[in-house]
Protein chains: 2
Amino acid sequence: MSPNIKIIAEKAGVSTATVSRVINNFPGVREKTRKKVLKIISELNYEVDGIARSLRQKKTFKIGVIVENILSQFYSILAKSIEDVAHKYGYNVILCNADDDPEKELNYLKVLKTSRVDGIIIAPTGKNADYINSLLQSNIKIVLVDRLIEGVECDAILVDNEKGSYNAVKYLIDNGYRKIALINGFTDRTTGKERLNGYIRALKENNIPINNDFIKIRDFKKRSGIILTEELLKNKEKPEAIFAANLDLTLGALLSIKNFGLKIPDDIAVIGFDDTDWEQILEPPLTVVRQPIYDLGSSSAEMLIKNIEEDNKFKKDNLIITLNTKLIERNSVKKLSTISGQINNN
Amino acid sequence: MSPNIKIIAEKAGVSTATVSRVINNFPGVREKTRKKVLKIISELNYEVDGIARSLRQKKTFKIGVIVENILSQFYSILAKSIEDVAHKYGYNVILCNADDDPEKELNYLKVLKTSRVDGIIIAPTGKNADYINSLLQSNIKIVLVDRLIEGVECDAILVDNEKGSYNAVKYLIDNGYRKIALINGFTDRTTGKERLNGYIRALKENNIPINNDFIKIRDFKKRSGIILTEELLKNKEKPEAIFAANLDLTLGALLSIKNFGLKIPDDIAVIGFDDTDWEQILEPPLTVVRQPIYDLGSSSAEMLIKNIEEDNKFKKDNLIITLNTKLIERNSVKKLSTISGQINNN
DNA sequence: ATGAAAGCGCTAACAT
DNA sequence: ATGTTAGCGCTTTCAT
């Protein structure tokens, strides 16, 4: 159907090598010849077959991106920022939603390998260390984003979750809160673990005993936010504040609090993780830990493409960059005197 | 680096043809031979080179998806639903954000052509009819989603925007509203045009004169929602209700209304387009026109893959499917007596 | 049941 | 400045 380089060569009365030189803007073609070839190319609407080119050059200009679920705003921002950078450098993105499922993740890794992508950016489940190491060995460039994998040494770009979490809890403490609950994802993910650690450090540094009834852990999904918050609100001892460790958990917490007919911040204070447009128009606007998601994605893409283009096979030391979060103060936390805290006790 | 079929063949003492038969589960290989080959494959961690296979078979198992911007929830749901279906059939998705920019769209179409994708799903700007027709002619399967293109005959899956819009405005009228404003995207997009048409039909059928001061048009972005709503609220004659024709416009409208210190629905009623988790936890929860976005995407992917796999070159009549919206009643519209409507006049 | 060999469309080394 | 040709890794037709 579509013409190929051979057809163009024939019609232009030159060899395929010359056509190739023209296509690729290589030097060593007389201007007249170049013009002639370009004319035929345009007449026949010739377009390069990228598959043949990739086979020959061992380069696809594709990068694979594996995220948990693009429906979550965190990942859609990540995907967009990666795609922006990729596009800038002439790469395309193959998008994979692994649903936080190690098997699906492995499957996608294999597909990407077979697709001969030039590199992979992955927010990993943490479970496929062996296969990822084998990819690394076969010289596929990989950048981990947001989470690390035990047993894998490779470039990564992370967020300082521990400090972000610490700052949020510290802020609550500074505002007079003592009974602070955490709803969090599983701690076998580095994000979950670090956010828990920050919570604990803030309490310990302020001599507030850790109350296990206030630490609720399940997956990082909205449904868990609903369930865990319900549990907290049904507790004999109710928390004065809830810190929700990601966007979906925050959403779930807000849903539950609304169902219980509680007012924020008078009945309960809330700090969320991640910031979106919606959180500002909530009533009250939500105080949140903002992650630099766009930077996370764009940096990972820059890093990956740099790796790909340098193709430094002897690069030994891997680069791990950690970005900072920022606490955005809005109105879901009020100043609480320690005394009112005591009165609230039941 | 990675072993190829030739290496496997040598080590197994067979020909490459036999290895290929094994890889592809073709019949006509003795069980003993198959076992031997599989053993070598597994020992050497051989994985098929999809690029070479694609070149030979003229099939990539890739589909291109061009959306406006994955950051918008509408498109992230669309992308996810497409990816889900694609994955089910063994296809991968190459994701492209064209930013509603015809040039970027054209560029991506060319990239996808060069990448030899098996098909393309596109929410089109409407501007690249010629190139899209040329793709169709070179037998690349295409499905349009959400919008049509003038001068292109091809499968499409749409939403009944006119009726969705009509229903929203009719609902406002039934609740006693007369001064109903529309903030809408440009009407050179079919979505924009149809949503305007539904608005107009609802007013006309109820003998409410069209007031051009109440019809505000700009692009479909949040910033436009803010600006257009500001304009409306600064009008000498203020609307009693605002119907925002997509999610980002709704978000912008809410932001503006909040800035003006107005209460919904007492000071002004609002109906949004598109439904997300957030709209339920707003105060008040928002009444919206819900589009079946997931179905839109999954149907388009099913349609595309069916086209690809049938490869019916003589398929003449294109299929256009239109899905219905649903009005989700929540609390951002109150019952208004006609009299109070008059009093509000200034 | 298995192998030999052509060829998908391109690039790149080498020759002229 | 241009051409010849090998070959990327696979599938597939035709032999045997």
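Since the model is a prediction, treat every value here as computed from it, not as a measurement. First the proteins, then the strands, lettered A, B, ... as listed; each starts at 1. Both backbone and side-chain heavy atoms feed into the values below; hydrogens, waters and symmetry mates do not.
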Checklist entry - Contacts to DNA chain C from residues 29-47 of chain B, heavy-atom cutoff under 4.0 Å, which residues? => result Val29(B), Arg30(B), Thr33(B)
Item to check | 5' priority, DNA chain C, between Arg116(B) and Gly28(B) [closest heavy atom] | outcome: Gly28(B)
Checklist outcome for this item: When rounded to whole Å, the CD1 to C1' distance for the pair Ile5(A) and dC8(D) reads 15 Å
Next on the checklist: Let's go through Val22(B) and Val14(B) carefully: what are the C-alpha distance in whole Å and the side-chain angles of both, what is the deciding distance for side-chain contact (heavy atoms from CB on, under 4.5 Å) to 0.1 Å, and is it a yes or a no?
Outcome noted: CA-CA 11 Å; Val22(B) 171; Val14(B) 297; over 6 Å; no
Checklist outcome for this item: In whole angstroms, the gap separating P of dC10(D) from NZ of Lys6(B) amounts to 11 Å
Checklist entry - To the nearest angstrom, how far is Glu10(A) atom CD from dG9(C) atom C1'? => result 14 Å
Checklist outcome for this item: Checking Lys141(B), Lys59(B), Lys113(B) against Asp118(B) for salt bridge (Lys or Arg N to Asp or Glu O under 4.0 Å), the one that qualifies is Lys59(B)
Item to check | Short side-chain N/O contact from Ser15(B) to OP1 or OP2 of dA4(C), under 4.0 Å | outcome: no
Item to check | Between His87(A) and Asn107(B): side-chain donor-acceptor atoms closer than 3.5 Å | outcome: yes
Checklist entry - Quick one: Arg53(A) CZ to dC10(C) P, roughly how many Å, whole number? => result 9 Å
Checklist entry - Taking NZ, NE, NH1 and NH2 as the nitrogens, is one of them in Glu31(A) or Lys36(A) under 4.0 Å from a carboxylate oxygen of the other? => result no
Checklist entry - Ion pair present between Arg147(B) and Glu68(B), side-chain N to carboxylate O less than 4.0 angstrom? => result yes
Item to check | Distance-only side-chain donor-acceptor flag, Tyr294(B) / Asp84(B), under 3.5 Å | outcome: yes
Checklist entry - Should Asn4(B) be listed as having a side-chain N or O under 4.0 Å from OP1 or OP2 of dC8(D)? => result no
Checklist entry - Would Lys110(A) and Glu105(A) pass as an ion pair if we require N to O under 4.0 Å? => result no
Checklist entry - What nucleotide among dT2(C), dG9(D), dG3(D) has an atom nearest to a side-chain atom of Thr18(A)? => result dG3(D)
Report, one pair per line, the protein and nucleotides 12-16 of chain C atoms (nitrogen or oxygen only) whose separation is under 3.5 Å.
from, atom 1, to, atom 2, distance (Å)
dA12(C), O4', Arg56(A), NH2, 3.2

Item to check | Salt bridge Arg116(B)-Asp49(A), side-chain N to carboxylate O under 4.0 Å | outcome: yes
Checklist entry - At under 4.0 Å between heavy atoms, what does Gly50(A) touch on the DNA or RNA strands: base, sugar-phosphate, or nothing? => result nothing
Item to check | For atom CG of Leu55(B) and atom P of dT12(D), their distance in whole Å | outcome: 12 Å
Checklist entry - Can a side chain N or O of Lys58(A) be found less than 4.0 Å away from OP1 or OP2 on dG9(D)? => result yes
Next on the checklist: Tell me whether Lys221(A) is salt-bridged to Asp100(A), with the criterion being a basic N under 4.0 Å from an acidic carboxylate O.
Outcome noted: no
